[in-house]
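Values in this document were obtained by computation on a predicted structure and should not be read as measured data. All chains are named by letter (A, B, ...) in the order of the sequence lines, taking the proteins before the strands, and each is independently numbered beginning at 1.
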There are 2 protein chains.
Amino acid sequence: MSVIRLVLADDQALVRGALAALLNLEPDLDVVAEVGSGDQVLQACIDHRADVAVLDVEMPGLDGIEATNQIKRTLAGTRVLIVTTFGRPGYLRRALQSGADGFLVKDTPAKQLADAVRRVHGGLRVVDAALVADSIATGESPLTARETDVLRAAVGGDTVAAIAEKLALSEGTVRNHLSAAIGKTGAATRAEAARIATDNGWL
Amino acid sequence: MSVIRLVLADDQALVRGALAALLNLEPDLDVVAEVGSGDQVLQACIDHRADVAVLDVEMPGLDGIEATNQIKRTLAGTRVLIVTTFGRPGYLRRALQSGADGFLVKDTPAKQLADAVRRVHGGLRVVDAALVADSIATGESPLTARETDVLRAAVGGDTVAAIAEKLALSEGTVRNHLSAAIGKTGAATRAEAARIATDNGWL
DNA sequence: GTTTCATAGTGACGCCCGTCACTGTCAGAG
DNA sequence: CTCTGACAGTGACGGGCGTCACTATGAAAC
């Protein structure tokens, strides 16, 4: 049985290097490349003939989910394992829709990471059970595309006028979209709506 | 020369284990304990006679800075190296005031971590240069204690009435404190003020 | 002992915000 | 073709929000 070739992507150099050290302890695993942004992932997988890509979701440039899309379109044989800080239901949903083979949060015990890589490499799905329950309970985003745009523009604490200018809309329209988003999220203010949407991975 | 005994604290089990693997690769370093929350740090340092404690800032219960305080009060000989995700100026300031010997962000190349531990153990200060500049430029928090309380209660997007009830204040007083915080941060709304204060590590 | 400042409160003003009702266009489903 | 739903806009209403002025107390600073 040959070794499993891994590509590692995480924007935090220290965490990336540490994960590499952890995985290289396993005799049957070999980290062949490390990258710090999503747009380098695909090329690294091609150059180093990776068997499994271990990706963080939060990354500059291309995020882990878009990188998964790229890999799955181009390299049918390469498996993808998403490892992320935030166990947001929306992340899991989008990751699986992008074709990810596994999804772990960084709360997972370190000993289980190598096993997860092996399972994914063997063609199995690896997904945190608690997160699946959350994901089902939460459902997908109730927000329409435009409501999402407006709410995303509102997270910084901008005024309605500023949002309207950013998106080239009238203030009234912005208020209507925000009102709809507030209603759908069950919030009382747009700040709360933004927080709820962020926590669920809808933005 | 004997080995340096390390205690590791990070709330994310995967990162914690990975950092342990990275540091244990060094022949002169020995991770003798790993903990997942701040209130276990002091006991672990005592039980395992740690030379250096490597602490994350963001942790449940006691955070890394309060844990540093505990260690420095009780164990004069134990050095503390803070390792954190967010390079917020206020974090650096508070960490050094608590007596921390080093402060690294997780963007640091993995190779430098072991060296940082050795320097700290040798009695040197290890601090990211760019972060020092930020910290000086930003200065310490301009907010009073009460303004900080009120602004912290406002981050979730609550209404003024809700904040007033939480802190047992009149609504008018809450509005006054918020107004002062908005003025001092140069923001236009309380959501923006909350964001600015959070980014600077003032909350 | 006076000054300064943080804290707490009241009351008032004006503007922005959240909501609602209603109009209209356009794309896709039936 | 009709119907639905997303998107965009207008206009109006009421309430909450941000600001200001002013009062008052207690604790540090000089």
When rounded to whole Å, the CG to P distance for the pair A:L178 and D:dG9 reads 14 Å

d(CG, A:N176; P, D:dG5) in whole Å
18 Å

Return the value, rounded to whole Å, for the distance between atom CD1 of B:I163 and atom C1' of D:dG16.
12 Å

Expressed as a whole number of angstroms, how long is the span from A:L167:CG to D:dA8:P?
9 Å

Looking at CZ of A:R190 and CZ of A:R175, how far apart are the two atoms once the value is rounded to the nearest 0.5 Å?
10.0 Å

Contact class for B:A145 (heavy atom, under 4.0 Å): base, sugar-phosphate, or nothing?
sugar-phosphate

Give me the atom names and distance for the closest heavy-atom approach of B:T78 to B:K72.
O-NZ, 3.2 Å

Counting only heavy atoms and a strict 4.0 angstrom limit, can you tell me which residues of residues 149-159 of chain A come near DNA chain C?
A:T159

Atom-pair distance (CG on A:L169; P on D:dT10), nearest Å:
11 Å

In whole angstroms, the gap separating C1' of D:dT10 from CD of A:E171 amounts to 13 Å

Contact under 4.0 Å: A:T173 side-chain N or O vs D:dT10 OP1/OP2
no

Shortest non-hydrogen contact between B:I196 and B:A187, atoms and distance
CD1-CB, 4.1 Å

Please identify the 5'-most and 3'-most nucleotides of DNA chain C with any atom under 4.0 angstrom from a heavy atom of chain B.
C:dA6 to C:dA12

Could you check whether A:R175 gets within reach of a base, just the sugar-phosphate, or nothing at all, counting any heavy atom under 4.0 Å?
base

Do other residues, nucleotides or ligands put more than 12 heavy atoms under 6.0 Å from the CZ atom of B:R49?
no

Between A:A168 and A:K184, whichever has its closest DNA chain D nucleotide further toward 5' is A:K184

Contact class for A:A188 (heavy atom, under 4.0 Å): base, sugar-phosphate, or nothing?
nothing

Has the side chain of B:D51 got a donor or acceptor atom that lies under 3.5 Å from a matching backbone atom of B:R5?
yes

Roughly how far, to the nearest 0.5 Å, is NZ of B:K184 from CG of B:L151?
11.0 Å

Contacts of type side-chain hydrogen bond (donor to acceptor under 3.5 Å, both in side chains), residue B:T84, not counting sequence neighbours:
B:E58

When rounded to whole Å, the CD to P distance for the pair A:E147 and D:dG5 reads 14 Å

Closest non-hydrogen atom pair, B:C45 against B:L75
CB-CD1, 3.7 Å

Considering only side-chain heavy atoms of B:I182, which listed nucleotide, D:dG9, D:dC17, D:dT19, is closest?
D:dT19

Between B:A161 and B:E171, the two heavy atoms sitting closest are CB-OE2, 3.6 Å

Looking at A:S170, I'd like to know whether one of its side-chain N or O atoms comes within less than 4.0 Å of OP1 or OP2 on D:dT10.
yes

Using atom NE2 of A:H177 as one end and atom C1' of D:dT10 as the other, report the distance to the nearest whole Å.
14 Å

A:S170 side chain to A:G172 backbone, donor-acceptor under 3.5 Å
yes

